[in-house]
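Hydrogens, waters and symmetry mates are skipped; everything else that's a heavy atom, side chains included, is used.
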Amino acid sequence: MAESAKTEEKRRAWGDEEPETEEDSPSADVAPVVDAGEASELKKIEELSITEKKGPLSDPEESEIQAVTSGNTVYEAAVKFEDLSLSKELIKGLYVEMGFTRPSKIQAVSLPMILTPPYKDLVAQAHNGSGKTTCFVLGMLSRVDPTKEGPQAMCICPTRELAQQNQAVLMRMGKYTGITSMCAIPTDSASYVPMYKRPEVKEHVVIGTPGTIKKLMTAKKLRTWNIKILVFDEADHMLAEDGFKDDSQRIMKDIRRESGGCQVLLFSATFNETVKSFVSNVVSDGNQIFVKKEELTLEKVKQYKVQCYRERERPNERLKIEVIKKILEFGEKIGQTIIFVRTKESARNLHKQLSNEGYECTSIQGALNTEDRDKIIKEFKDGLTQVLITTDLLARGFDQEQVNLVINNDLPVVYESLKRGSPEPDCEVYLHRVGRTGRFGRNGAVFNLLGSREEEALLEMIEHHFQHSIPKVDNWEDDKSIAKAIQDAGLK
DNA sequence: AAAAAAT
């Protein structure tokens with residue numbers, strides 16, 4: 001009893017998505033700092049002072065996180081939440097409601113940058129499950145004056161599900177602050193209220209998806225002159241050409257103008273080179289925190305590949321289903337499982353096939369109506385369902401700590417490359433999928449099902465990209481081989 | 001093709 005209570009406390013100690021487990025984890029692996037925004041004024045370069053009992057900064061070359069500040073402000077890493085001059089209501093929310101005890105690494109470094117005047121913009125990259133949500137939620141909550149009415153903070157997310165999840169975190173963390181929030185996402189057509197009939201938004205924090213937020217703004221139901229802080233979650237996708245770049249830029253421009261300059265925060269686990277260089281323009285005078293792509297792989301998540309085709313034979317989808325059944329026979333007993341597929345249709349098909357063969361599961365994809373989407377997410381989060389089949393709808397940000405198994409039925413590919421006829425993997429999406437497990441520093445396993453020689457080549461490109469080799473599970477027909485892989489991953 | 005969306 002005492003034992004499990006202790007484990008629980010330790011597990012929750014670092015924030016809502018924290019992967020760190022070792023108490024002596026090197027929180028000092030934050031690099032010294034060079035100037036980003038004003039390269040011409042090198043004298044403005046400031047050292048980021050890390051006050052750690054554990055000793056001096058590690059060598060920058062070994063650092064997981066590279067922090068770059070802009071301007072004269074000197075930031076000191078937060079060892080305790082008390083170092084951040086948060087209101088006592090917020091501190092209470094962190095300890096009592098969230099059960100945190102101290103800031104995680106990314107929180108220790110980014111929160112001072114977010115909360116210290118002159119409130120510089122920030123682009124922050126950190127590992128999946130390392131507590132990014134807490135960073136920007138705390139940022140929003142601490143910039144709001146609850147005695148004033150109307151929107152003062154905003155957060156834009158790529159999916160309805162992520163917006164709802166982030167709002168839930170904000171409400172819990174801000175439970176004692178009196179701060180109100182609203183979720184600006186599409187509803188089902190039955191309960192749809194036309195924009196002109198809606199009341200003006202009175203809540204302090206608005207969290208939502210780009211389309212609905214844009215609509216509210218043009219209908220003048222969402223007044224933005226008091227917005228102090230604007231957050232983009234999954235910012236690399238929000239600013240990508242094939243993502244929400246146009247919407248995001250429009251919203252950012254309007255709010256920056258209306259509010260007379262507000263703080264912009266960009267958070268994600270991934271920033272590819274293209275987005276990274278664009279992002280530096282967007283927040284040219286901001287602070288930056290980046291992680292090398294070779295260091296993004298989660299150590300506690302074991303990745304595997306399974307060959308689901310036979311040489312000199314035509315690809316056969318049945319083989320993948322047989323492997324999935326084998327994995328589920330072990331996996332179902334130990335936690336929850338997410339199976340990723342490439343298309344809506346294969347989500348439906350796989351759901352049907354597995355159900356027909358006696359394997360209970362649910363599936364979600366963007367073509368479902370919003371009511372069904374909400375219901376399936378709720379059932380899975382409540383632990384009522386064990387196995388969830390999904391498109392990349394849930395690839396990013398979805399936080400369910402009981403998920404310890406991820407199966408990639410199909411690997412993510414870059415659509416443009418597919419059209420060109422030379423498929424390339426989408427390494428960023430791959431990393432986000434993997435990050436659905438191994439949250440809070442838990443163990444996790446990922447099985448990549450390879451249905452052809454081409455898919456095998458795709459995974460090799462992913463391995464090369466992250467400089468991380470993925471072992472093959474041989475003889476999957478033998479019950480023991482998959483059982484052993486699951487055991488080796490630390491799942492029991 | 002995946003995602004949002006109420007143009």
Would you check if there is a donor-acceptor pair between the side chains of A:R143 and A:Q263 at a distance under 3.5 Å?
-> yes
For A:F271, ring pair (Phe, Tyr, Trp, His ring centres under 6.0 Å) partners two or more places apart = A:F290
Scan side-chain atoms only and decide if A:D285 and A:S70 contain a donor-acceptor pair under the 3.5 Å cut-off.
-> yes
When you measure from every atom of DNA chain B, which of residues 187-196 of chain A have a heavy atom less than 4.0 Å away?
-> A:T187, A:Y192
Calculate the interatomic distance between A:N408 atom CG and B:dA2 atom P; express it in whole Å.
-> 16 Å
Should A:K344 be listed as having a side-chain N or O under 4.0 Å from OP1 or OP2 of B:dA3?
-> yes
A:H351: side chain to side chain contact (heavy atoms under 4.5 Å, CB included) partners, not counting sequence neighbours | A:S355, A:C361, A:S363, A:I389
What nucleic acid atoms does A:P158 come within less than 4.0 Å of, heavy atoms only: base, sugar-phosphate, or nothing?
-> sugar-phosphate
What nucleic acid atoms does A:D242 come within less than 4.0 Å of, heavy atoms only: base, sugar-phosphate, or nothing?
-> base
Scan A:R373 against the nucleic acid and name what it touches under 4.0 Å (heavy atoms): base, sugar-phosphate only, or nothing.
-> sugar-phosphate
Whole-Å distance between B:dA3 C1' and A:D236 CG?
-> 13 Å
Interatomic distance where OH belongs to A:Y415 and C1' belongs to B:dA2 [whole Å] = 10 Å
Using atom CD of A:E416 as one end and atom C1' of B:dA2 as the other, report the distance to the nearest whole Å.
-> 13 Å
Regarding the side chain of A:R342, the nearest nucleotide among B:dA3, B:dA4, B:dA1 is B:dA1
To the nearest Å, give me how far apart CE (A:M217) and P (B:dA6) are.
-> 13 Å
For A:N166 and A:C155 the tightest heavy-atom approach is ND2-SG, 4.3 Å
Classify the nucleic acid contact of A:T218 as base, sugar-phosphate or nothing, counting any heavy atom under 4.0 Å across all strands shown.
-> nothing
Does NZ or CZ of A:R453 come closer than 6.0 Å to the centre of the six-membered ring of A:Y309, within 45° of the ring's axis?
-> no
d(CD, A:E428; P, B:dA1) in whole Å | 22 Å
Report the distance from atom CD of A:Q365 to atom P of B:dA4, rounded to the nearest whole Å.
-> 10 Å
Where the side chain of A:K215 is concerned, which of B:dA3, B:dA6, B:dA1 is the nearest nucleotide?
-> B:dA6
Is NZ or CZ of A:K326 both nearer than 6.0 Å to the six-membered ring centre of A:F447 and within 45° of the ring axis?
-> no
Grab the CZ-P distance between A:R250 and B:dT7 for me, whole Å please.
-> 15 Å
